[in-house]
Amino acid sequence: MWAYNGTRRITKPEKDQIKMRDINKIKEQISKVMHPAIDCSLVDLGMVQDIELYTDEVLILTFVFPFPNIPIADKLISSVENVVKSQGLEMQYIVRVMKAEEKKNFLKMEKAGWKGGTASCSC
């Protein structure tokens with residue numbers, strides 16, 4: 001005997017809409033991750049870019065640093081990864097160095113928002 005259990009198959013447009021809401025929620029959470037020594041988020045500083053769901057379980061993004069080999073890179077990456085994992089996703093990432101204009105904007109924001117300490121990105 002067949003019985004309707006109250007569920008229905010989700011259409012592709014509905015699935016895409018659900019994914020969009022999920023990625024927007026994740027982007028919102030990531031945009032709250034603050035730099036430890038600058039009173040700005042990593043997203044506002046231009047240090048986290050290109051946030052996209054690669055699969056239903058994997059988020060891929062780009063970390064953009066003002067200089068190669070900054071000493072707190074691992075700390076910054078981990079702070080974003082903690083947010084991604086809290087959303088039940090795995091994080092994969094690309095790292096690149098800022099272009100001249102990005103670096104100029106970053107340094108301007110760093111100067112305006114510097115909180116102090118030893119975690120300066122302009123070393």
Side-chain angles (χ1 to χ4, degrees):
M1 179 175 193
W2 182 85
Y4 177 68
N5 66 4
T7 61
R8 67 179 176 85
R9 188 170 284 206
I10 296 174
T11 66
K12 179 161 178 20
E14 289 173 317
K15 187 174 183 180
D16 291 344
Q17 210 170 25
I18 290 167
K19 281 185 179 180
M20 186 55 67
R21 280 196 308 263
D22 291 346
I23 190 66
N24 287 339
K25 179 182 175 187
I26 294 162
K27 285 180 178 180
E28 180 183 323
Q29 294 300 314
I30 291 172
S31 71
K32 294 178 183 176
V33 177
M34 300 297 285
H35 189 285
I38 305 169
D39 194 23
C40 295
S41 75
L42 298 180
V43 171
D44 289 340
L45 289 166
M47 298 181 84
V48 175
Q49 300 177 7
D50 307 323
I51 304 166
E52 295 184 24
L53 279 174
Y54 182 67
T55 68
D56 289 343
E57 300 170 354
V58 178
L59 183 84
I60 189 163
L61 53 84
T62 303
F63 285 93
V64 186
F65 297 123
F67 307 98
N69 304 316
I70 66 166
I72 63 168
D74 290 340
K75 181 178 182 174
L76 299 175
I77 292 168
S78 292
S79 65
V80 172
E81 188 171 32
N82 290 338
V83 171
V84 172
K85 285 183 175 181
S86 75
Q87 300 297 314
L89 297 170
E90 176 188 332
M91 184 178 88
Q92 294 182 6
Y93 60 92
I94 299 163
V95 175
R96 72 171 177 83
V97 175
M98 290 180 176
K99 297 173 186 161
E101 189 64 28
E102 292 172 315
K103 187 174 176 179
K104 179 180 172 185
N105 291 335
F106 170 85
L107 293 173
K108 182 178 177 182
M109 292 179 77
E110 178 190 43
K111 184 176 181 180
W114 184 249
K115 296 188 294 188
T118 58
S120 173
C121 286
S122 62
C123 47

Undergrad: Taking the side chain as every heavy atom from C-beta outward, state whether I38 and F106 have any atom pair closer than 4.5 Å.
TA: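 Contact flag for I38/F106 side chains = yes.
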
Undergrad: Check whether N82 reaches the backbone of S78 with its side chain - one donor and one acceptor, N or O, closer than 3.5 Å.
TA: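 Checked: pair present.
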
Undergrad: Do the side chains of H35 and L45 get nearer than 4.5 Å, heavy atoms only?
TA: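 A side-chain contact under 4.5 Å exists here.
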
Undergrad: When you compare the side chain of I23 with that of E52, does any pair of heavy atoms fall below 4.5 Å?
TA: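 E52 does not reach I23 side chain to side chain.
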
Undergrad: First locate atom CG of L59, then atom NZ of K85, and finally report the distance between them rounded to the nearest 0.5 Å.
TA: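 If we round to the nearest 0.5 Å, L59:CG and K85:NZ are 13.0 Å apart.
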
Undergrad: If you compare all heavy atoms of F63 against all heavy atoms of I77, which two are closest, and at what distance to 0.1 Å?
TA: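 Looking at all heavy atoms of both residues, the shortest contact is CZ-CA, 3.7 Å.
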
Undergrad: Test side chain to side chain contact (heavy atoms under 4.5 Å, CB included) on F67 and M98; report intermediate values, then the result.
TA: CA-CA 7 Å; F67 307 98; M98 290 180 176; over 6 Å; no

Undergrad: Among residues at least two apart in sequence or on other chains, which ones pass salt bridge (charged side-chain N to carboxylate O under 4.0 Å, His left out) with E57?
TA: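 E57: no salt bridge (charged side-chain N to carboxylate O under 4.0 Å, His left out) contacts found.
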
Undergrad: When you group the ILVMFWY residues by side-chain heavy-atom contacts below 4.5 Å and let the links chain together, are M34 and L107 in the same group?
TA: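 No.
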
Undergrad: Indicate the atoms forming the closest heavy-atom contact of V97 with V64, along with that distance.
TA: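 For V97 and V64, the tightest heavy-atom pair comes out as C-CG1, 4.1 Å.
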
Undergrad: First locate atom CD1 of I30, then atom OG of S41, and finally report the distance between them rounded to the nearest 0.5 Å.
TA: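 That separation rounds to 11.0 Å.
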
Undergrad: Which heavy atom in K75 sits nearest to a heavy atom in P36, and how many Å separate them?
TA: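 Minimum heavy-atom contact is NZ-CB, 4.0 Å.
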
Undergrad: For a 4.5 angstrom cut-off between non-hydrogen side-chain atoms, does L76 reach V48?
TA: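 L76 does not reach V48 side chain to side chain.
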
Undergrad: Once you round to the nearest 0.5 Å, how far does CD1 of I60 lie from OG1 of T55?
TA: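 The CD1 atom of I60 sits 10.0 Å away from the OG1 atom of T55.
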
Undergrad: Kindly give the heavy-atom pair with the smallest separation between W114 and A37, and that separation in Å.
TA: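 Closest approach of W114 to A37: CE3-O, 3.3 Å.
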
Undergrad: List the atom pairs, donor and acceptor, that lie under 3.5 Å between side-chain atoms in residues 87-96 and the rest of the protein, sequence neighbours left out.
TA:
unit_1, atom_1, unit_2, atom_2, d
E90, OE2, Q92, NE2, 3.4
R96, NH1, E102, OE1, 2.9
R96, NH2, Q49, OE1, 3.2
R96, NH2, E102, OE1, 3.4
R96, NH2, E102, OE2, 2.8

Undergrad: What's the separation between atom NZ in K99 and atom CG in N105, rounded to the nearest 0.5 Å?
TA: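 With rounding to 0.5 Å, NZ (K99) is 12.5 Å from CG (N105).
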
Undergrad: Provide the closest heavy-atom pair for M47 versus P66 in the form atom of the first, atom of the second, distance.
TA: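 The answer is CE-CD, 4.0 Å.
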
Undergrad: Decide yes or no for I51 and L61: does some side-chain heavy atom of the first lie under 4.5 Å from some side-chain heavy atom of the second?
TA: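 In short, these two side chains touch, coming nearer than 4.5 Å.
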
Undergrad: Which heavy atom in V43 sits nearest to a heavy atom in S31, and how many Å separate them?
TA: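 For V43 versus S31, the nearest heavy atoms are CG2-CA, 3.7 Å.
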
Undergrad: Is the shortest side-chain heavy-atom distance between N24 and E28 below 4.5 Å?
TA: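 In short, these two side chains do not touch, never coming nearer than 4.5 Å.
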
